[in-house]
Structure formats: C-alpha cells, structure tokens
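Everything numeric here is computed off the predicted structure, so don't read it as measured data.
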Amino acid sequence: MILAQAFSNFVLDLDGVLWRGERAIPNAPETVSSLRDSSKTVLYVTNNSGASPAAVAEKLAAMGAPAGANDVITSATAASLLIERTIPAIRGRVAYVIGGPGLIEAMEGLGLRIVEGKDADDASLVIVGIDKKLTYDKLRHATRAIRAGATFIATNTDPTLPAADGLWPGAGAIVAALRTATGVEPLVAGKPHMPMLDVARERLGSAPALVVGDRVDTDVLGAQAAGWPSALVLTGATGLADLAVATAWPDFILRDVSMLLRDLPHPLVRPAAGPDLPTIATLLHDGGLPAGSARERVGRTVVAEFDRSVLATAAWEVLDGVALLRSVAVGPKARGFGLGVHVVAGALKGIANAGVRDVYLVTTDAEGFFKRCGFHVVPRDELPDGVARHPQITRECPSSAPVMRMELPQ
Ligand SMILES: [Mg+2]
C-alpha cells in the first residue's frame with residue numbers, strides 16, 4: 001500500500017517531520033517535491049508561530065521543497081481565526097504579545113495595536129507563542145495584564161520544540177508559566193484545537209487529508225478531532241516509549257516521511273488469539289526463537305496483520321513488577337518494512353496498559369534494531385532478580401547476549 005497514492009490531500013507538520021531546527025530530515029524535501037509533482041495538494045501546518053508563512057515557505061524552498069506562503073498555516077494564522085471568531089471589534093484593540101516576528105506580524109495584520117513594556121497594563125488581549133528572547137519582564141507584563149482581565153490566548157501548548165541537538169522548551173512551557181502565575185486557562189489556537197484544522201479544511205475543501213506529524217497529543221489528536229486519518233513519523237518528539245503511554249493511536253506509523261512513497265504493508269496490530277498460535281509458532285521458528293510456552297503467553301502477545309495474513313509478533317512476561325519483552329519475530333518475506341517496530345510498539349502499549357513501566361529484553365542479533373526502538377544496553381549485574389533468574393537470560397541466550405532496557409514515561 002502506497003500512502004502517497006491512497007490520498008489526494010496531505011497536511012504535513014513541519015518540526016520533527018520536515019526538519020529539526022535548521023536541518024532538513026533526510027529525504028523529506030524530496031518526498032514533498034514528489035507529492036507535488038504527482039499533483040497532490042500539500043499543506044504545511046505548524047504549531048510554531050515564530051516565523052510568518054512567507055518566511056516558512058522560503059525556508060521550505062531553500063531546503064528543496066518549493067511552497068507558497070498560502071500553503072503554510074502557522075499557529076499564528078490559527079490564532080488570527082480564533083480572535084476573529086471570539087473577540088468583537090478587533091481593530092484598534094490594545095494587545096500584548098509574547099512571541100516571534102511571525103506572531104507579531106499576524107496580530108498587526110488583524111489591526112491590533114501591539115504595545116510593549118509597562119503599556120501592557122492597557123492590553124485587553126495577551127497572545128502568547130514561542131519566544132526565543134523570553135525574559136522575566138515579559139512574563140511579568142503578561143501576568144499583570146491577564147490578572148487585570150485581559151483575554152489570554154495561546155498559539156499552542158506544545159511542551160517542547162524539536163531542535164537539531166534535542167528538545168527545547170516549547171510555547172507550552174511559556175504558557176504554563178503564565179497559567180501558574182495567573183490561574184487562568186488560555187484559549188488555544190494550534191493543534192489539536194480546531195481553529196488550526198478549520199483553516200486547513202477551508203483551504204482544502206471537503207476532501208479528507210492524511211495528517212502527518214511527530215506528536216500524538218497535537219497531530220494525531222488534532223486529526224481525530226477533524227475526522228481525518230493520521231500518520232505518526234518517528235523522526236521527531238515521539239518515540240515508541242511515548243507512543244506506548246499515549247492516549248490515542250495513529251492510523252499509520254512511519255519511520256520517516258519518505259515512507260509515504262514506499263509500498264509498505266501498513267498492518268493492524270492487535271492482541272493475539274488462539275487461532276493465531278500456529279502462525280506465531282512458524283514466525284518464531286523461522287526467526288530461530290524458541291516457541292516454548294507461546295500458548296500460555298497468548299494473552300500477552302500481539303500480532304501485526306495485513307491483507308488477512310499475520311506477518312509479525314511480539315510477546316511479554318511480567319516478573320516482579322517489570323516486563324520482559326520477548327519472542328519478537330517478523331516473517332522472512334516481510335522483513336525490512338518496519339513491521340518489527342509495529343509489534344514492539346503494540347507490545348509496549350500492552351505492557352503500559354498492565355501498569356508496568358520498566359521493560360527488559362535480551363537479544364542475540366538485534367541490538368541495533370532495539371536501539372532504534374529506544375532500548376539501551378544495561379550491565380547484567382544490575383538486573384532485577386526476576387529478570388536475572390529468567391531462563392531466557394540464564395539458559396536460552398548466550399551470556400554474551402546484551403540485555404537491554406527501556407523505561408516508559410509515567
Ligand atoms: Mg512537530
């Protein structure tokens with residue numbers, strides 16, 4: 001199944017999908033160029049309000065993905081719509097803005113009179129987005145205005161911003177400071193809230209779009225609120241550990257955005273049942289893994305199914321409050337399509353649902369794969385008793401096989 005052929009409209013998030021900071025994600029610009037070359041409609045939606053749509057379009061073009069300003073919707077665009085919908089007689093109103101040039105430009109475009117410093121005391125609106133020049137004084141002015149009754153509007157509440165060297169504080173961290181200082185909940189414009197996707201829907205007309213993003217709490221939930229399908233890419237803020245504890249699940253999981261162009265089995269990952277056992281036994285046998293007590297583990301096993309065939313499986317055991325992930329196998333003909341990631345994600349979700357947060361595994365030949373999933377190697381003398389005594393560790397795998405661990409978020 002090639003997602004690029006299955007949909008006509010694509011709504012792509014930017015940070016963590018197309019780029020991280022100033023660096024393009026490998027193959028991402030080529031992917032969107034290819035979508036546009038095949039007459040697909042591509043809109044870019046970003047909760048980042050720092051740059052104007054025109055500046056974002058220039059950045060896209062410089063990376064090799066030509067776009068017009070009208071193809072870009074920022075949370076500043078969405079904040080404009082939110083203000084137009086909720087605030088009467090906008091023109092000439094006094095507003096205090098914490099944010100970058102993109103947000104200030106959008107607010108001036110509405111006819112608001114933007115003030116600075118102590119003049120914030122006169123503001124009837126406080127609009128807050130990402131501000132890389134944030135100071136205590138800015139927080140102080142905004143706090144005073146909100147406490148005096150100004151309407152508090154947030155472009156978005158993303159806790160972090162993916163950068164080339166890791167995650168930086170996002171607009172949500174600034175909004176949280178003001179929420180704490182004022183006790184006031186803001187009106188929010190960006191994903192997963194509707195103003196942003198309403199702008200996208202207006203520009204696309206009625207046809208559904210595939211939303212591609214790197215966050216469950218904004219991109220996937222936003223898509224679900226709009227009634228559109230979603231694809232999560234693993235190149236940004238969300239890893240498998242985060243996905244395991246997320247409140248929603250994407251329709252598709254992609255290693256990166258270029259997977260839109262590839263012919264991949266996009267499986268349904270579901271709990272295993274009795275009739276799956278013969279197929280599971282074959283998968284384990286082909287993977288050189290002991291089938292052992294697969295029947296006893298069937299309630300703690302997931303399978304990835306595509307086109308009515310079970311192509312991959314993973315299972316787990318719970319030992320003294322920690323989990324042992326085991327029996328991860330992908331059929332020989334289905335390898336290299338990301339199915340291993342799907343079943344590991346499904347198993348981690350099962351483990352998280354059981355209230356367990358500490359996950360171990362031992363592997364003889366897949367250390368690199370599990371590292372990409374987010375596991376890291378731990379010394380054998382630091383294992384909890386239940387894991388250290390498990391036959392898989394003591395007998396079934398050689399003592400040189402690395403033991404790996406992942407901690408799921410609370
Ligand atoms: Mg993102």
Task: Salt bridge flag under 4.0 Å for residues Arg300 and Glu317 - done: no

Open item on the list: Treating Asp158 as the side-chain partner and Gly170 as the backbone partner, does any N or O pair qualify as donor plus acceptor under 3.5 Å?
Closed with: no

- [ ] Output yes when Arg203 and Asp198 qualify as a salt bridge under the 4.0 Å nitrogen-oxygen rule, no when they do not.
- [x] no

- [ ] Could you tell me whether Arg405 and Glu407 have a side-chain N and a carboxylate O separated by less than 4.0 Å?
- [x] yes

Open item on the list: Looking at Trp249, I'd like to know if the NZ or CZ of Lys349 sits under 6.0 Å from its six-membered ring centre while staying within 45 degrees of the ring's axis.
Closed with: no

Task: Beyond-backbone contact of Trp316 with Arg297, side-chain heavy atoms, under 4.5 angstrom - done: no

Open item on the list: Quick one: does any side-chain atom of Thr74 pair with a main-chain N or O of Ala76 as donor and acceptor, under 3.5 Å?
Closed with: yes

Task: Lys333 bridged to Asp286 by N-O distance under 4.0 Å - done: no

Open item on the list: To check you understand the geometry: which heavy-atom pair defines the closest contact between Met107 and Ile127, and what is its length?
Closed with: SD-CD1, 3.8 Å

Task: Asp276 side chain vs Ala272 backbone, donor-acceptor pair below 3.5 Å - done: no

TODO: With sequence neighbours excluded, tell me which residues meet side-chain contact (heavy atoms from CB on, under 4.5 Å) with Thr143.
DONE: Arg147, Leu178, Ala181, Thr182

TODO: For Asn27, enumerate each residue passing the side-chain hydrogen bond (donor to acceptor under 3.5 Å, both in side chains) test, keeping only those at least two apart in sequence or located in another chain.
DONE: none

Task: Contacts of Glu296 that satisfy side-chain contact (heavy atoms from CB on, under 4.5 Å) - sequence neighbours left out - done: Ser293

Open item on the list: Ignoring hydrogens, what is the shortest heavy-atom contact between Ala78 and Pro195? Give both atom names and the distance.
Closed with: O-CB, 3.8 Å

TODO: Identify the two heavy atoms, one from Leu319 and one from Gly386, that lie closest to each other, and give their separation to 0.1 Å.
DONE: CD1-O, 3.8 Å

Open item on the list: Applying the side chain to side chain contact (heavy atoms under 4.5 Å, CB included) criterion to Val362, which one of Leu325, Leu383, Val403 satisfies it?
Closed with: Val403

Open item on the list: Quick test of your reading of the model: are Asp165 and Arg20 salt-bridged, counting only N-O distances below 4.0 Å?
Closed with: no

Open item on the list: So which atom in Ala28 and which in Val17 form the shortest heavy-atom distance, rounded to 0.1 Å?
Closed with: CB-O, 3.9 Å

Task: Between Asp256 and Ser258: side-chain donor-acceptor atoms closer than 3.5 Å - done: yes

- [ ] Classify the side-chain pair Thr238/Arg215 by whether it contains a donor and acceptor separated by less than 3.5 Å.
- [x] no

TODO: Give a yes or no on whether a salt bridge exists between Arg113 and Asp122, defined as a side-chain N under 4.0 angstrom from a carboxylate O.
DONE: no

